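Below is one structure, written out as structure tokens; the observations come after it.
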Protein chains: 2
Amino acid sequence: MKTADPELMRAMNRLSVLDTIRRRGPISRVEISEGTELSPTTVSAITGSLLDDGLILTRHEGDIRSETVRGRPRVMLELNPAAARVVGAKIAASRMVFVVTDFCGEVLATLTLPIRIDRQPISVIADIVEDGVRRCVLDAGLSLVDVHSVCLGLPGVIEHRSGHIRSSPILRDTNVDFAAEMSARLDTTTIVESDATAITLAHHWFGRARDLEDMVLVSLEQTLGLGVLHNNRLFRGAGGLSHNLGDLVLGMSKDGVVRLSSQAGENAILGFQQTDGRLAEAVRLGRGMAHAQTLIKADDSQLITAAIRAGETIGFTIANIVTLFAPPRVILVGSSLALGEPFLNSLRDAYSLAIPPSLQGVSELVFDDSNDDFWARGAAAVALYELYESPWNTTGPAR
Amino acid sequence: MKTADPELMRAMNRLSVLDTIRRRGPISRVEISEGTELSPTTVSAITGSLLDDGLILTRHEGDIRSETVRGRPRVMLELNPAAARVVGAKIAASRMVFVVTDFCGEVLATLTLPIRIDRQPISVIADIVEDGVRRCVLDAGLSLVDVHSVCLGLPGVIEHRSGHIRSSPILRDTNVDFAAEMSARLDTTTIVESDATAITLAHHWFGRARDLEDMVLVSLEQTLGLGVLHNNRLFRGAGGLSHNLGDLVLGMSKDGVVRLSSQAGENAILGFQQTDGRLAEAVRLGRGMAHAQTLIKADDSQLITAAIRAGETIGFTIANIVTLFAPPRVILVGSSLALGEPFLNSLRDAYSLAIPPSLQGVSELVFDDSNDDFWARGAAAVALYELYESPWNTTGPAR
DNA sequence: TGGATTTAATTTGCATCTCGAATTAATTTG
DNA sequence: CAAATTAATTCGAGATGCAAATTAAATCCA
């Protein structure tokens, strides 16, 4: 167990202050003091050292209550955007999206590569990722040496701690030490993370979960992912393993195991539609769901049936997740949401039926159709979080 | 967020030292220092204050390396059993088991009440529990004022933080503030906890998970429970809600939702056997599983089929739990294990089939058939843990 | 205009904590 | 019985947070 010494104490309080400044925008020292329950003295000391380190900036305006109130005006503090830059990426089967963000998580540049990398050998994928990172950094007017770290979000079973990809639907290989590979190529610290976990943090920082300390996110894409926020922290399985909902087993038949991914994954929903050549083409280009949506609007009964079935399955799966984690909110994201009402309604209905009576009302379902940039931004947030968490690297003893 | 001050630092290190002494039996200060990575100075100071508070004792023997080694002999430290007593209880449908333990978790007295309380009104149950606690304390030669706290473990959806029982298969009422009710009756702090969580801690402290920081336990009784140990701590859902596996949904049919409890709960397995009057009688007396075992040994094909079916369902459910939590070990406990080989084999087989390839080998299955006392002792451990966690009540500033 | 008032932030002084080095304590060795 | 060895404590230094006092920077109002 980590021993508690003054250094740890400082680190904890520093993170607490830094995170408060991040969350509550320009904020004065007094307000930080109230929010963190730290004494004004301590807040002053910590913000002083954060200023020295160039992690935050002062601003002599923006106090909402000015004019109306007497006394010395509050000096507002905010993150220094220029304190660091990170790269975040979402790597999916048919495209990659890269973003460069500043220290606040604001996007400086975006790059989308609409390349189908499905099941390419790892070296090819690494080539493309490396290229994408380099180009996006260049687009932001920066060089790689200006980038503190890179975080790559991708579907599958990811071992965050070690940077290994145990398996991913978009990879042919298994058990790849992708973090080491990319760190070496880019000569920059590279983190590998489940895409669902990444967008979970995106929602905690910028999206629909800013007000919550506990939350669960379910991503419905080619595969099904799960992100869990517990006590303001990302919750990963033992050993830092990410969850992969698609692997969940629904039942067993004579032919073997029936997994969720085979019932409610993108391929499962669209796979039956081989009749429509244009749909098959759209799927190959990664626009399958968008096209499916138009088919559904045109009353394609076969597809509607598939969507309803998938929605039902996902609906009760979410109820099961709620049974296990009891989060106040479940956020659903991902391309499958584009299937529209038939899908969403059956999902909602199944959820309502499946949620145990004793948990009725503990959790609300929220649907969110953010674009791929948001996922990549989430990956960037993961990189930033690890940066925030270790600011004691930056300082020695306080002044 | 809790602010980090010297007091918290002390509390953390005190807990760390106290827990090391609990785990590693009689142990010298040097060894504690190595184990906790605290300096000998600090260990001396903390153990000094623990001695002052009477929480630990010295013992001038027991050093294994004595005789063979020169120098000043080590003084061994151990928990002071007399520092406090707690009561733990397991409350099940057909019986209640109470234990009184000392500060080490050693059992001082046991009381089993073979009473069927199934779905009695809450006041009746509270009467019986109160009576059981009082009698067991008396049996231990103590009075209730000697008892620091009581922890009641029972199946269902329990809100540990507030002490509410949201629902329980053994209760007619729902959403009962049982902690408040029993605290008032006993005039002693009373904790309400899921029985599965309680036995999870029992295994972490005394049983099959002493060597692990992460672990999952599945209890197979009348209902199915889940306990999760994450990073040496009990993991509860958001808001301190316990998990209830029986509520998991396996699928949806026209007739409604199919829940795990209806497929693999005790009643589900034995329920079909209404032909055998003696079995029905045994079930009523809470010995259903034991009797079922003899029937299975006598090749009761109907029951064997039911057991195999249940084993299969539970097997893949456990694979799903592993998919979500990736624990290095899954411990299975509960009366259903008494169904024997047909059940266990089908469970194991289904698990092997259902576990995703990428998670193969991360988790081992362990079966454990501890008796009810062990569950009750787990509840006592929950009470003790909360006592250990707040030893800063006991001391002011160190001496 | 300028002192009184008010609120923000910093400085000062103190108590607590951990830790390294030095010291004391309790053994065995020869 | 002194030397060696290991355990545990004491002492002093450095870091931290906090309360109280002080300083800073505004507004208010005669």
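In this text, all values refer to a predicted model and were calculated from it rather than measured experimentally. Chain letters run A, B, ... following the sequence lines, proteins first, then strands; residues in each count from 1.
Here C:dT7 presents its P atom at 20 Å from CD1 of A:Ile32, a figure rounded to the nearest Å. Across the protein-nucleic acid pair, B:Asp5 atom CG and C:dA15 atom C1' stand 12 Å apart, rounded to whole Å. Atom CD1 in B:Ile46 sits about 15 Å away from atom P in D:dA8, given to the nearest Å. As a whole-Å value, the separation of A:Glu7 CD from D:dT16 P is 8 Å. Rounded to whole Å, the distance from CE on A:Met12 to P on C:dC17 is 16 Å. The separation between A:Arg29 atom CZ and C:dT7 atom P is 19 Å, rounded to whole Å. Regarding A:Arg74, its CZ atom lies at a distance of 15 Å from the C1' atom of D:dT27, rounded to whole Å. The interatomic distance linking A:His60 (NE2) with C:dA8 (P) rounds to 15 Å, in whole Å.
When all heavy atoms of B:Cys104 and B:Phe206 are compared, the pair lying nearest together is O-CE2, 3.9 Å.
Nucleotide D:dA15 forms a pair with C:dT16, judged by Watson-Crick or G-U wobble geometry with both contacts under 3.5 Å. As the counterpart of D:dA7, C:dT24 is assigned, both hydrogen-bonding distances of the Watson-Crick or G-U wobble pattern falling under 3.5 Å.
Residue A:Met215 holds its CE atom at 8.5 Å from CG of A:Leu201, rounded to the nearest 0.5 Å.
Residue B:Arg70 places no side-chain atom within donor-acceptor reach of the base of C:dT27, judged by atom type and a 3.5 Å distance cut-off alone. Contact annotation: side chain of A:Arg72 to base of D:dA25, donor-acceptor pair absent below 3.5 Å. The base of C:dA9 lies outside donor-acceptor range of the side chain of A:Thr41, with no N or O pair under 3.5 Å.
A 6.0 Å sphere centred on CG of A:Asp187 holds no more than 12 heavy atoms belonging to other residues, nucleotides or ligands.
Comparing C:dA8, D:dG17, C:dA26 against the side chain of A:Val30 picks out C:dA8 as the nearest. Taking only side-chain atoms of B:Thr42, from C-beta outward, the nucleotide of C:dT18, D:dG17, C:dT7 with the closest atom is C:dT18. The side chain of B:Ser39 sits closest to C:dC19 out of C:dT27, C:dC19, C:dA9.
Counted by atom type alone, A:Ser49 and A:Arg10 present zero donor-acceptor pairs between their side chains at under 3.5 Å. Inspection of the B:Thr200 and B:Thr197 side chains reveals no N or O donor paired with an N or O acceptor under 3.5 Å.
B:Val43 comes within 4.0 angstrom of nothing in the nucleic acid, heavy atoms only.
Considering only side-chain N and O atoms, B:Asn13 lies under 4.0 angstrom from the phosphate OP1 or OP2 of C:dT18.
Positionally, the nearest nucleotide of DNA chain C for A:Gly71 lies more toward the 5' end than for the other of A:Gly71 and A:Thr47.
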